[in-house]
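Computed over heavy atoms, backbone and side chain alike; hydrogens, waters and symmetry mates excluded. The sequence lines fix the lettering, A, B, ..., with proteins before strands; numbering per chain opens at 1.
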Amino acid sequence: MSVRVRFAPSPTGFLHVGGARTALFNWLFARHHGGQFILRIEDTDRKRLVPGALEDILDSLRWLGLNWDEGPEVGGPYGPYIQSQRLEIYREHAHRLVAMGHAYYCFCSEERLERLRREQEARKQPTGYDRFCRYNVSPEEAQRRIAAGEPFVIRLKVPLEGTTTFHDLVHGEISVQNRTQDDFVLLKSDGYPTYHLANVVDDHLMRITHVMRADEWIPSTPRHILLYRAFGWEPPQFAHLPIILSPTGKGKMSKRVLQEQGRWETAVFVRDFREEGYLPEALVNFLALTGWAYDDKTELFTVEELIEKFDISGINPKPAAFNYEKLEWMNGVYIRRLTPEALAERLCPYLEDLGLHPDLETLRRAIPLIQERIKTLREGAEMLEFLWKEDVSPVLEDLVPKGSAPEQVRVWLTEALRALEGLPEFTHEALEAALRGLAERLGVKAGTLFMAIRVAVTGRRVTPPLFESMALLGRQRTLTRLESAIRLLEQVPSSER
RNA sequence: GCCCCCGUCGUCUAGUGGCCUAGGACGCCGCCCUUUCAAGGCGGAGAUCAGGGGUUCGAAUCCCCUCGGGGGCACCA
């Protein structure tokens with residue numbers, strides 16, 4: 001039988017890296033086995049729907065390269081793939097379970113359930129439904145009350161004894177006593193299914209063979225097994241993935257936790273990583289490695305290699321902290337491996353985000369200057385910003401090296417200006433020769449002089465190599481920038497010179 | 001409170017009874033290169049395998065207990 005797996009997000013927020021990793025593992029597993037990867041949208045909670053979330057999930061998945069064989073926009077033989085469009089199916093299945101004697105109608109009000117829970121908590125007893133309607137409402141009475149328009153839910157008759165056991169592909173044998181499970185709701189009073197019902201019905205109808213999902217579902221898996229049995233269906237295989245923790249290993253990967261821990265990182269959604277200039281292939285490689293390992297040395301994998309090597313047995317059951325530094329390093333590696341043309345192309349959107357309109361020729365020549373010194377595309381765009389910016393507006397404290405006076409720097413820059421004006425050729429070699437000579441004549445350390453010029457010309461202390469940068473900028477703009485830096489220094493009150 | 005899961009360097013991990021005086025990677029430190037920042041090269045620190053008991057000739061690996069961390073207990077997913 002062919003492998004069929006699914007990723008089933010709820011459109012209640014943007015796609016989180018944790019969700020992305022779940023999707024990735026499912027996708028890799030499907031591709032490895034030549035099976036199908038299905039995308040199903042679980043939007044049965046109408047109160048928590050977030051506008052734009054579905055689009056973000058689809059976009060993020062596509063950006064990562066995780067294409068789906070069946071699902072929204074592509075269709076498939078078991079559709080529709082959006083649960084809100086399958087309501088009739090769940091309703092029919094829930095009622096069928098009642099007819100089979102495995103489920104029952106419950107008319108308990110929310111107030112009664114709330115009171116019940118409070119009492120249980122007060123007595124420090126396990127909370128859960130007390131099965132009132134299972135024992136006290138006959139099928140005939142139930143029919144009468146439904147006909148009279150009374151709201152109801154459908155609950156599963158959970159066996160009172162015995163244990164439910166399943167073999168998890170990551171965690172091994174897991175078993176739970178049935179008496180610790182209450183008669184959970186299958187169909188809500190608004191006619192919508194709960195996650196449990198919709199999930200099981202769809203996984204069965206869509207012929208899902210392996211359910212790979214987040215760890216947090218382990219406690220409800222026995223319920224799902226019970227549901228499969230009630231229907232008389234064969235349950236799929238389960239593999240529960242450990243969650244991704246914040247970099248400290250304490251707390252979830254969320255904006256709030258990151259902030260509370262005083263971290264510099266802020267990205268938690270796939271779109272955040274995209275905005276910061278991470279390459280999708282680097283994120284994929286990194287994500288594959290959090291919670292999974294192939295051997296004791298391989299770290300860099302192409303997608304094809306990942307597909308070839310991926311195996312559930314390599315999944316670590318331990319929750320993993322998200323290591324931003326390693327992701328940065330890996331992104332740098334991927335950037336360095338890009339062809340210059342590819343890097344130029346990928347950089348463009350980030351330059352445009354800075355409000356720049358780069359000319360391709362300059363960009364092409366600038367790439368070799370930054371390729372090995374950036375970790376993200378955004379960083380690359382920022383590093384090249386000076387090439388197209390109208391005014392780089394250096395700040396005084398960057399312009400004046402420690403231990404120097406503004407007046408000194410003014411003299412240096414003026415001398416530099418003079419030297420460059422008459423330069424026959426405005427090339428890297430000519431610039432270097434001229435400015436090294438100048439440093440010597442001035443009796444200044446080359447590095448110190450260069451830093452002042454660097455800041456004057458680019459507005460920053462961290463830049464691509466100076467002479468290449470100036471050559472790229474061109475004589476005219478270089479001189480103009482030196483002039484404005486000199487003017488800035490002239491404005492310093494004489495007492496501070 | 002009840003139920004479940006997890007526990008090897010700061011972090012990601014290799015390890016499935018002897019090859020482990022525990023290997024790799026990120027990060028960190030030092031040196032080299034160097035016009036800034038990187039990249040690169042070389043070297044280094046860093047884990048009594050959560051703790052305690054067993055089993056065994058032999059345990060990070062098997063068993064038990066304890067501790068610590070996480071998750072679940074909704075007409076949310």
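The listed nucleotides are B:rC75, B:rA25, B:rA77; the one nearest the side chain of A:E110 is B:rC75. You'll find that the side chain of A:Y195 is closest to B:rA77, out of B:rA77, B:rC26, B:rC2. Among B:rA77, B:rU8, B:rU13, the nucleotide with an atom closest to any side-chain atom of A:K318 is B:rU8.
Applying the 4.0 Å criterion to OP1 and OP2 of B:rA14, one finds that A:N316 has a side-chain N or O inside that range. Within the structure, every side-chain polar atom (N or O) of A:T248 is placed at least 4.0 Å from both OP1 and OP2 of B:rU11. Between A:K188 and the phosphate of B:rC76, there is a side-chain N or O to OP1/OP2 separation shorter than 4.0 Å. A:H171 has a side-chain polar atom (N or O) that falls below the 4.0 Å cut-off from OP1 or OP2 of B:rC6. Of the side-chain N and O atoms in A:R336, one or more sit less than 4.0 angstrom from OP1 or OP2 of B:rG40. Using a 4.0 Å cut-off, no side-chain N or O of A:T180 falls inside it from OP1 or OP2 of B:rC4. Residue A:R461 places none of its side-chain N or O atoms closer than 4.0 Å to OP1 or OP2 of B:rC37. Proximity of A:K326 to the phosphate of B:rU13: no side-chain N or O atom is located under 4.0 Å from OP1 or OP2. Considering only side-chain N and O atoms, A:R460 lies nowhere under 4.0 angstrom from the phosphate OP1 or OP2 of B:rU36. Phosphate contact (OP1/OP2 of B:rA77, side-chain N/O of A:R48, threshold under 4.0 Å): absent.
Atom CG of residue A:D182 and atom CZ of residue A:R134 lie 10.5 Å apart, to the nearest 0.5 angstrom.
Counting atom types as modelled, A:S189 pairs a side-chain N or O with a base atom of B:rC75 as donor and acceptor under 3.5 Å.
Between A:D130 and A:R112 there is a salt bridge, with a side-chain nitrogen of the basic residue lying less than 4.0 Å from a carboxylate oxygen of the acidic one.
Using a 4.0 Å heavy-atom criterion, one finds that A:D182 contacts no nucleic acid atom at all.
The P atoms of B:rA50 and B:rA14 are separated by 14 Å, rounded to the nearest whole Å. The gap from the P atom of B:rU13 to that of B:rU8 amounts to 10 Å, rounded to the nearest Å.
In this structure, A:E397 places its CD atom where only 12 or fewer heavy-atom neighbours from other residues, nucleotides or ligands lie under 6.0 Å away.
Straight-line distance from the CG atom of A:L435 to the P atom of B:rU35: 13 Å, rounded to whole Å.
In this structure, A:H224 has its ring center at least 6.0 angstrom away from the ring center of A:F184.
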